[in-house]
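Proteins get letters first, then strands, A, B, ... in listed order; numbering begins at 1 in each.
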Number of protein chains: 2
Amino acid sequence: MSQRIKLEDVAKLAGVSRATVSRVINRRGYLSQRTILKVEQAMERLDYHPNVIARQMHSQRTNLIGIIVPTVGNPFFGELTAAMEHELFKKGYKVLVGDALNDPEKEQRYLRQLLGHQVDGLIIATHNANIPEYQNTNLPIVAIDRFLRSDIPVVYSDNYGGAKQACEALIQRGAKYIIHTDDLSPLNDQDTARRRAYEAVMKAHDRPAITYPSLPDPKQNREALQKIFIEHPEVDAIFTSNDLDAATLLDLAVENGYVVPDQLQIIGYDGTQTTQRLLPRLATVVQPIPAMAKKAIELLEAKLNQQAVPEEVVLSVNLKLGSTVKNYKINGEY
Amino acid sequence: MSQRIKLEDVAKLAGVSRATVSRVINRRGYLSQRTILKVEQAMERLDYHPNVIARQMHSQRTNLIGIIVPTVGNPFFGELTAAMEHELFKKGYKVLVGDALNDPEKEQRYLRQLLGHQVDGLIIATHNANIPEYQNTNLPIVAIDRFLRSDIPVVYSDNYGGAKQACEALIQRGAKYIIHTDDLSPLNDQDTARRRAYEAVMKAHDRPAITYPSLPDPKQNREALQKIFIEHPEVDAIFTSNDLDAATLLDLAVENGYVVPDQLQIIGYDGTQTTQRLLPRLATVVQPIPAMAKKAIELLEAKLNQQAVPEEVVLSVNLKLGSTVKNYKINGEY
DNA sequence: ATGAAAGCGCTAACAG
DNA sequence: CTGTTAGCGCTTTCAT
C-alpha cells in the first residue's frame with residue numbers, strides 16, 4: 001500500500017535490467033555514466049524507495065539492534081538508550097527498544113520474537129532473572145551492569161568505587177549515623193556492589209550498616225523510606241542507590257524537620273542530566289552514561305564482526321558534590 | 001550465523017513438506033493432530049525460530065512502528081515513548097525509536113530510510129520544521145502535539161487550557177508580576193498555545209506579558225533565566241513552559257534570595273512521573289501522557305486498518321498544586 | 001489432510 | 001559494461 005513501485009518498474013522505465021538498477025543503487029560494478037543517469041532519473045520520476053525487507057531477505061541482516069531496558073521512562077535508562085541510539089545511528093544501525101517493565105514474562109516474549117532474525121544484535125540492560133533465552137542464543141549480545149553468560153561481555157561503571165567514595169565523603173564530613181537504601185534484587189556481584197562498599201566503609205569506621213530496601217512503586221517507597229526517620233531518628237546521613245530515593249528523602253527530611261545538610265546529609269546515585277537539572281543541589285555519584293553507551297556499542301560491533309571482546313569493561317564514576325552535603329562550597333565546583 | 005535451522009530442516013525431520021510446517025506454525029488450514037505433534041516436536045528438537053524477514057517478505061509488513069522524538073533522554077518523551085511502546089506491544093508491534101535531537105538532517109535521513117518499508121507506521125513527536133518527506137509519503141502517520149499535513153491526525157493535550165489554569169491560579173493567589181518562559185520555535189498554533197494563553201490572561205487582568213525564551217542548552221538556559229531576576233526584580237510569579245525551567249528557576253530563586261512561594265510563586269509544565277518524584281513540591285500542569293500515548297496508538301491503528309480518523313484529538317490536562325504556590329495545603333492533596 | 005510449485009523484491013554469480 | 005539466472009526462507013494457491 002504505502003509503496004508499490006519496485007525495481008522492475010524502474011528497470012522498465014529506464015530500459016535496462018533489474019540487475020543494472022540494483023548496481024546503480026548500490027554503486028557496485030562497472031556502470032556507464034549514461035545508464036546511471038537514466039536509472040536515477042527513472043527512480044526520481046517514480047519516487048522509488050528500495051524495499052528494505054527484500055534486501056534483508058538476501059543479506060540476512062536487518063541493521064537493527066534491540067535494546068532491552070526496564071523502561072525508557074526512567075531518566076537513567078532513557079539517557080542511556082538515547083546515547084546508544086546516537087552511536088548506533090552513526091554506524092548505520094537502527095534501534096528496536098523493548099521496555100521490560102520489570103516483567104520477566106514480557107522480556108521473554110520479546111526476546112523470543114527477536115531471536116528469529118529480527119535484530120542483528122542485542123543490548124541488555126535489565127535485571128530480570130531466569131530468562132533462559134539468553135543461555136541458548138548465539139545472537140551477539142552485550143550486557144550493561146549485569147552478568148548473563150560467560151561469553152557475554154558486560155559494561156559496568158565502578159559501582160563499588162563510586163559507593164565507597166560517597167560513603168567516605170560523608171564520614172569525612174562528620175557523619176556518624178549513615179543509612180543506605182538499595183534496590184534489593186541481587187542477581188549477581190555487581191548488583192550488590194554499592195551496598196557492599198557501603199558496608200565495608202561502615203565496618204572500617206566501626207559504624208553500623210543499615211540498609212533499607214528501595215521499592216519500585218513511588219508511593220510505597222515513600223512510605224517505606226519515611227520509616228527511616230521513625231526507626232532511626234539519630235540518622236545524620238543517607239547514601240541512596242539512586243537519585244529518586246535521594247529526592248524522596250530530601251523531601252521527607254523537610255517534612256520531618258531535618259535541616260539539610262546541617263542535620264542530615266544526602267548523597268544519591270546516577271547523576272543523570274535530568275537529575276542534575278531538576279535537582280542541581282543534590283550530591284550524587286555520576287555514572288558515565290555516554291561512555292557506557294559508547295563502550296557497549298563498541299563491544300557489540302566487535303562481536304558483530306566476530307572479533308574477540310573482553311569479558312568486562314569497568315568505567316569510572318565521578319562524585320559530584322552539592323549542597324546536600326556539608327562543606328560544599330569548598331570542594332564543589334558549581 | 002545466529003540461526004541456521006529453517007523450515008526445510010524441520011520439514012525433513014518431521015517427514016512432511018514445508019507447507020505443512022508452515023501451516024502448523026500459523027495454525028492455518030486442516031491439520032491432523034498427529035502431524036501437529038510431529039512438527040512441533042521437530043521444531044522443539046531443532047530449537048527452530050521462524051525467520052522473521054522471510055515472513056515479512058511475503059506479507060510486506062514488518063509489525064514495526066517508528067517513533068521519532070527529540071530524545072528519549074528527556075523525561076516527557078521518555079515516558080511518552082515507554083507508554084506507546086507498551087500499547088504497541090500489546091497489539092503485536094515493536095518499536096523503532098529515532099532520536100531526532102533537534103537535528104532536522106538526522107530526522108530527514110532517518111525518515112528516508114524508514115520509507116522503504118522498514119516500518120508499518122510512524123509516530124512523530126518532534127518539532128523540526130521543513131522535512132519534505134512528511135509531505136509525500138503515504139505511510140500511516142500520527143503526530144503528537146504538532147501539525148504536519150492536513151490528513152495526518154494530531155494528538156494534543158489542552159495546552160491553552162492548561163496554561164490558562166496555571167496563570168489564573170497565580171493571579172488568584174495574589175501574583176501581580178507574572179513572567180513566562182517558552183521554547184520559541186513556533187511552527188504552528190499549538191506550539192504557541194501556552195504563551196497565547198498566558199498573554200490572554202495577563203491582558204484580561206491588565207498586567208504586562210513578558211516571555212523569556214527557553215534555550216536547549218542547560219547552561220546557557222540557566223544564564224538566560226538568571227536575567228529575569230536582574231531585569232525584573234519585582235517578579236513575584238513565573239509560569240514556565242516546562243518543568244526543567246521551573247526547576248532551574250527554583251534554584252535561581254534561592255540563589256537570588258527569593259523565598260518560594262512567599263515572594264515568588266512558580267508553576268511548571270509537563271508533570272512527568274520523573275518530575276513528580278524528583279520535585280514533589282513543584283506545582284505544575286500535568287500532561288496526560290498515558291492517555292496521549294493510548295490515543296495516538298489508537299489513531300495509528302485505525303489508519304493502519306484504513307479507517308477514517310479525526311483530524312485532531314485534544315486531551316485535558318490537570319493542574320497539580322504544590323508548595324511552590326501559596327495556599328497549597330488548602331487546595332492540594334498531598 | 002497434505003504436497004508441489006510459484007512467487008514476495010532484491011542481490012549476486014556467471015556469461016557475454 | 002550489462003543481461004540472465006538462481007536463489008534468500010517463507011506463505012499460499014492449486015492439486016490430489
Side-chain angles (χ1 to χ4, degrees), chain A residues 1-40 42-43 46-64 113-120 139, chain B residues 1-43 46-64 113-120:
Chain A
M1 189 91 308
S2 79
Q3 185 218 321
R4 316 256 55 190
I5 295 105
K6 44 187 172 186
L7 206 59
E8 189 163 8
D9 303 318
V10 178
K12 220 171 281 174
L13 181 65
V16 297
S17 73
R18 291 177 303 161
T20 300
V21 178
S22 173
R23 288 196 188 93
V24 172
I25 293 171
N26 300 294
R27 287 286 183 280
R28 237 189 285 283
Y30 303 85
L31 271 332
S32 78
Q33 270 308 318
R34 243 183 89 253
T35 15
I36 294 186
L37 211 74
K38 271 195 307 189
V39 171
E40 291 198 320
M43 293 200 296
L46 297 171
D47 189 28
Y48 169 74
H49 293 271
N51 184 320
V52 181
I53 305 173
R55 296 174 125 180
Q56 293 174 345
M57 175 90 217
H58 192 265
S59 64
Q60 286 303 318
R61 305 185 62 230
T62 57
N63 287 318
L64 254 36
Q113 294 171 30
L114 293 189
L115 254 32
H117 249 326
Q118 193 146 18
V119 294
D120 293 344
L139 202 64
Chain B
M1 186 93 305
S2 77
Q3 183 216 325
R4 318 256 55 191
I5 294 105
K6 45 188 174 186
L7 205 60
E8 189 162 8
D9 303 318
V10 179
K12 220 172 281 174
L13 181 65
V16 297
S17 74
R18 291 176 302 161
T20 301
V21 179
S22 173
R23 288 196 188 93
V24 172
I25 293 172
N26 300 294
R27 286 288 183 281
R28 235 190 286 284
Y30 302 86
L31 271 332
S32 78
Q33 270 310 317
R34 242 183 89 251
T35 22
I36 293 186
L37 211 74
K38 271 194 307 188
V39 171
E40 290 198 321
Q41 281 174 348
M43 293 200 296
L46 297 171
D47 190 28
Y48 169 74
H49 295 269
N51 184 318
V52 181
I53 305 172
R55 295 176 122 179
Q56 293 174 345
M57 176 88 217
H58 194 265
S59 66
Q60 286 304 318
R61 305 185 61 232
T62 57
N63 287 319
L64 254 36
Q113 294 172 30
L114 294 191
L115 256 30
H117 250 324
Q118 192 145 18
V119 294
D120 293 344

J.: Can you tell me how far C1' of C/dC10 sits from CD of B/Gln60, to the nearest Å?
T.: 11 Å

J.: Residues two or more places apart in sequence or in another chain: which of them pass side chain to side chain contact (heavy atoms under 4.5 Å, CB included) with B/Leu7?
T.: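 By the side chain to side chain contact (heavy atoms under 4.5 Å, CB included) rule, B/Leu7 matches B/Arg18, B/Val21, B/Ser22, B/Ile25, B/Tyr48.
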
J.: Nearest whole Å is fine: how far is C/dA6 P from B/Met57 CE?
T.: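 Going from B/Met57 (CE) to C/dA6 (P), I get 17 Å.
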
J.: In chain order, what residues pass the side chain to side chain donor-acceptor pair (under 3.5 Å) check against A/Gln113, with sequence neighbours excluded?
T.: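 By the side chain to side chain donor-acceptor pair (under 3.5 Å) rule, A/Gln113 matches B/Lys94.
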
J.: Measure CD/B/Gln56 against P/C/dC8 and give the value in whole Å, please.
T.: 17 Å

J.: To the nearest 10°, give me the bend of the helix from C/dA1-D/dT16 to C/dG16-D/dC1, comparing the axes of its five terminal pairs at either end.
T.: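 Both end axes considered, the difference amounts to 40°.
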
J.: Using a 4.5 Å cut-off on heavy atoms from C-beta on, say whether the side chain of B/Ile53 contacts that of B/Met57.
T.: no

J.: Mind checking what makes side chain to side chain donor-acceptor pair (under 3.5 Å) contact with B/Ser32, not counting sequence neighbours?
T.: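 Expected list: B/Thr35.
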
J.: Figure out the CD/C1' separation between B/Glu8 and C/dA5, and round it to whole Å.
T.: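 Distance check: B/Glu8 CD to C/dA5 C1' gives 14 Å.
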
J.: Find the distance A/Gln118:CD to D/dG9:P and express it as a whole number of Å.
T.: 17 Å

J.: Does a donor on one side chain and an acceptor on the other come within less than 3.5 Å for A/Arg55 and A/Asn26?
T.: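 Short answer, yes.
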
J.: If I take atom CG in residue B/Leu7 and atom C1' in nucleotide D/dC10, what distance separates them, rounded to the nearest angstrom?
T.: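 Rounding to the nearest Å, CG of B/Leu7 and C1' of D/dC10 are 6 Å apart.
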
J.: If you take any heavy atom closer than 4.0 Å to DNA chain C, which residues from residues 30-38 of chain A end up in contact?
T.: none

J.: Of all residues at least two apart in sequence or in a different chain, which pass the salt bridge (Lys or Arg N to Asp or Glu O under 4.0 Å) check with B/Arg27?
T.: B/Glu40

J.: Return the value, rounded to whole Å, for the distance between atom CZ of B/Arg4 and atom P of D/dC8.
T.: 11 Å

J.: Which atoms of nucleotides 12-16 of chain D (N or O only) lie under 3.5 Å from a protein N or O atom, and what are those distances?
T.:
| residue | atom | partner | partner atom | Å |
| --- | --- | --- | --- | --- |
| D/dT12 | OP2 | B/Arg28 | NE | 3.0 |
| D/dT12 | OP2 | B/Arg28 | NH2 | 3.3 |

J.: For A/Arg23, which residues count as a side chain to side chain donor-acceptor pair (under 3.5 Å) partner, sequence neighbours excluded?
T.: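 Checked A/Arg23 against side chain to side chain donor-acceptor pair (under 3.5 Å); zero matches.
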
J.: Under 4.0 Å between any heavy atoms, over every strand shown, what does A/Val21 touch: base, sugar-phosphate, or nothing? Just pick one.
T.: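 Counting heavy atoms under 4.0 Å across all strands, no contact is made by A/Val21.
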
J.: So, for B/Thr62 and B/Gln118, which heavy atoms are closest and what is the spacing to 0.1 Å?
T.: OG1-O, 3.1 Å

J.: From CD1 of B/Ile5 over to P of D/dC8, roughly how many Å is that when rounded to an integer?
T.: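 Taking atom P of D/dC8 as the reference, CD1 of B/Ile5 is at 16 Å.
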
J.: Output all residues satisfying side chain to side chain donor-acceptor pair (under 3.5 Å) with B/Gln60, sequence neighbours left out; order by chain, then residue number.
T.: A/Asn51

J.: Under the rule for salt bridge (Lys or Arg N to Asp or Glu O under 4.0 Å), what residues qualify as partners of B/Arg61, not counting sequence neighbours?
T.: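 B/Arg61 satisfies salt bridge (Lys or Arg N to Asp or Glu O under 4.0 Å) with B/Asp120 once adjacent residues are dropped.
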
J.: Suppose we screen for side chain to side chain contact (heavy atoms under 4.5 Å, CB included). Which residues come up paired with A/Leu37, at least two apart in sequence or across chains?
T.: A/Gln41

